S.K.: 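Structure in structure tokens, see below.
Just so it is clear, the model here is predicted, and its values are computed rather than measured.
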Amino acid sequence: MTMKRILTKIVFFAAVLSGAAACEDNDSIQTETPAPRLISIVPRTGYSGCTAIISGEYFSDNPQENVVIMDGNEIPVTYASHNRLTLTMPEHELGKVEIQVSVNGKDAPAPLQFTYSELPEIIMTVSSVQPSAGYAGDRVLISGDNFSTVPDGNKVTFGGVKAEIISATQNSLEVIAPEHGRGKAEVTVEAIGQTSSVWFTYMELMIDSNSPDTGAEGVEVTIKGEGFSTIASENNVTVNGIPASVSKASANELTVIMPDNPEGTYPFVITVGGRTVTGGSFTYSGCWRVETVLGAASGVTGNVEGTGKDARLWYAQDIVLKGDGSYLMTLRQKDHGIYMVTGDYTFKKLVNQNDNAGLLNGSFPWGCALDSRETLYLAAKGGGKLLEYTADGTLSNYTVEGLTITGMNPMDVVIDREDNIYLLLRGNSSAGNGKLARIKDRKLTATYDLTGMKLYESLLLSDDGKKIFLFGNDTGNIRMIDLETGQNTVIAGTGTRHSNASNYTDGTPGNPLSATFNIIEGAVFTPDGTILFGDSIAATVRQFKPGPGGDYTQGTVTTIAGKAYEKSAQADGQSTGARFTYPNGMCFAPDGKTIYMIDGTGSATLRKIYYR
């Protein structure tokens, strides 16, 4: 036994005797620290100079009080805790050895086994480069293993061109990408006599294409190219000098929202990190825009006079333009009235069911039209009457010699330049006995039979007064009546109503019979023969443009505003970005270009629709 261990035991026995005396004097008990217990050594196989960790119990926190013996020689402990000892394995020949541990003179019951093996070969490898694409002059981080920690101990080249090394650790090198042409370059690292490489792509800020290439502000455009920042805000995009918002970004693709610009074609200018490129093009060709100017789309329980969005409209149905630039509007429920809308969007009652001895009571005034004297004619569906409202404010029943209106559901009325009144009688839906009546000076002058053609509810007169278009409720089509020949022809629609977005279709261009429709309750006619109309159930606004020579049988139907069956809430906006509830009556403003359209039923609004 060594002298050190003998001295340790003497001290230990003295402490025991002292403790025993203390126990006798103070009636207290002191416990003896157990011998250390060894659990494992990690690694179990290593090499001279490697770090090993012994796990166990009852070690001293003082490294010097833990004695580790291998082949009779003590190995210094560099770190100690009550359950872990850290040491550096000394030089030793290959093979197995036993390692014993004692703490304060107490030996562990059993030694641990450690196997010396050959020192593993050190291999330098390059695993990645970040970013993997960039420009000359960019800082690039090369990751890997076993680089020299001295920058000059490593050599880095990009496609054979030497790179400046900024910093070096065993696992990373920060370098400056040297000048190089566009495309892939092999990044090679030489260190500790070994070579490893990875690929880096030199980029060029460029624009390849953009889609779409035409439209208006607010349109989402995808720009494809190279050299963009993946952080959206770091890409500065302008069109005609006006900033475009970048909503998404990747190295090869940007999504931008087009700003407002005059009509014309402009390139994109993109600046990223001090580099600027010009390319691609976008043509501002205009689009349909929708704006709410009167009423509110919710919270309505009756008509409220007021201006703009302070007014409230209850079941507004049709609207016509007067010569002074104001508008007359029919409201078919609640108070069954006629209201005026002024140029500043003030909504004011003219007459309702409580006036003129209740002539409007329960009448459900539907479609309406003005003659040359600005007398308003109303198709009173509920009352089975044709009513007239003169410019001096007189409301009366307009009787027609030779025509039975009662019980025939009068739905709409149009008037030509000669003050011929065309009254649509939907008839009894079960009997299918509808008709179109032409009236002049309170006399029936012609009838166009709609027997079997049930539930047509709205009319449109062509600008030249020679054709009338009929839009159905239950027909799924559009008819045209030639007023000179009396020919009655289906010119659009499959005959089956659309019922959801999947069977709503504009059909094939040039073949309007392939389009689907549902209820149409408002339409206008442009000088070039195009029909603009609201598809009420789908909540869209559509156009029907005739084919060559004004031939509607070769026309094309197009949705110009709204999105089919997306009508949970009204929303102003552009083209298919706008949202409607239930498009109704329509008329042109004095400029002949702006359309005013009633939208909704119980909570109706007046929407302004124009092309710019």
S.K.: Can you list the residues that meet the side chain to side chain donor-acceptor pair (under 3.5 Å) rule with R417, with sequence neighbours excluded?
M.R.: none

S.K.: Verify side chain to side chain contact (heavy atoms under 4.5 Å, CB included) between T222 and N210, making sure each step is shown before the conclusion.
M.R.: CA-CA 5 Å; T222 299; N210 60 273; over 6 Å; no

S.K.: For the residue pair F347 and Y339, is the inter-centroid distance of their aromatic rings smaller than 6.0 Å?
M.R.: yes

S.K.: Suppose we screen for side chain to side chain donor-acceptor pair (under 3.5 Å). Which residues come up paired with Y582, at least two apart in sequence or across chains?
M.R.: E521

S.K.: Which residues pass the side chain to side chain donor-acceptor pair (under 3.5 Å) test with N240, sequence neighbours left out?
M.R.: N261

S.K.: Between the side chains of R426 and E457, is the shortest nitrogen-to-carboxylate-oxygen separation below 4.0 Å, so that they form an ion pair?
M.R.: yes

S.K.: So does K608 have more than 12 non-hydrogen atoms from other groups sitting under 6.0 Å from NZ?
M.R.: yes

S.K.: Quick one: do the Y327 and Y345 side chains pair a donor with an acceptor below 3.5 Å?
M.R.: no

S.K.: Side chain to side chain donor-acceptor pair (under 3.5 Å) with R312: which residues, sequence neighbours excluded?
M.R.: none

S.K.: Quick check against the 3.5 Å criterion: does N252 have a side-chain atom that pairs as donor or acceptor with the backbone of G225?
M.R.: yes

S.K.: Under 3.5 Å, is there a donor on one side chain and an acceptor on the other for S372 and D419?
M.R.: yes

S.K.: Give a yes or no on this: more than 12 heavy atoms of other residues, nucleotides or ligands lie within 6.0 Å of atom NZ of K440.
M.R.: yes

S.K.: Looking at K435 and D449, does any basic side-chain N land under 4.0 Å from a carboxylate oxygen?
M.R.: no

S.K.: So does T265 get a backbone contact from the side chain of T283, meaning a donor-acceptor N/O pair under 3.5 Å?
M.R.: no

S.K.: Will you find, in the side chains of T307 and T346, an N or O donor that is under 3.5 Å from an N or O acceptor?
M.R.: yes

S.K.: Would you say the ring centroid of F533 lies under 6.0 angstrom from that of F544?
M.R.: no

S.K.: Tell me the salt bridge (Lys or Arg N to Asp or Glu O under 4.0 Å) pairs involving residues 486-498, sequence neighbours left out?
M.R.: D474-R497

S.K.: Determine whether R479 and N488 make a side-chain contact, defined as any pair of heavy atoms from C-beta on separated by less than 4.5 Å.
M.R.: yes

S.K.: Enumerate, atom names and distances included, each donor-acceptor pair closer than 3.5 Å involving a side-chain atom of residues 380-395, sequence neighbours excluded.
M.R.:
unit_1, atom_1, unit_2, atom_2, d
E388, OE2, S396, OG, 3.3
E388, OE2, R442, NH2, 2.9
T390, OG1, D392, OD1, 2.3
T390, OG1, T394, N, 3.3
T390, OG1, T394, O, 3.4
D392, OD1, T394, N, 3.1
D392, OD1, T394, OG1, 3.0

S.K.: Taking only Lys NZ, Arg NE, NH1 and NH2, and the carboxylate oxygens of Asp or Glu, determine whether R542 and D535 approach each other closer than 4.0 Å.
M.R.: yes

S.K.: Does D355 come within less than 4.0 Å of K349, counting only side-chain N to carboxylate O?
M.R.: yes

S.K.: Should K443 and D441 count as an ion pair when the cut-off is N to O under 4.0 Å?
M.R.: no

S.K.: What's the verdict on salt bridge (charged side-chain N to carboxylate O under 4.0 Å, His left out) for D572 and R579, showing C-alpha distance, side-chain angles and the deciding distance?
M.R.: CA-CA 7 Å; D572 292 345; R579 293 293 179 268; over 6 Å; no

S.K.: Strictly distance-based, threshold 3.5 Å: is any side-chain N or O of T445 a donor or acceptor partner for the main-chain N or O of R438?
M.R.: yes

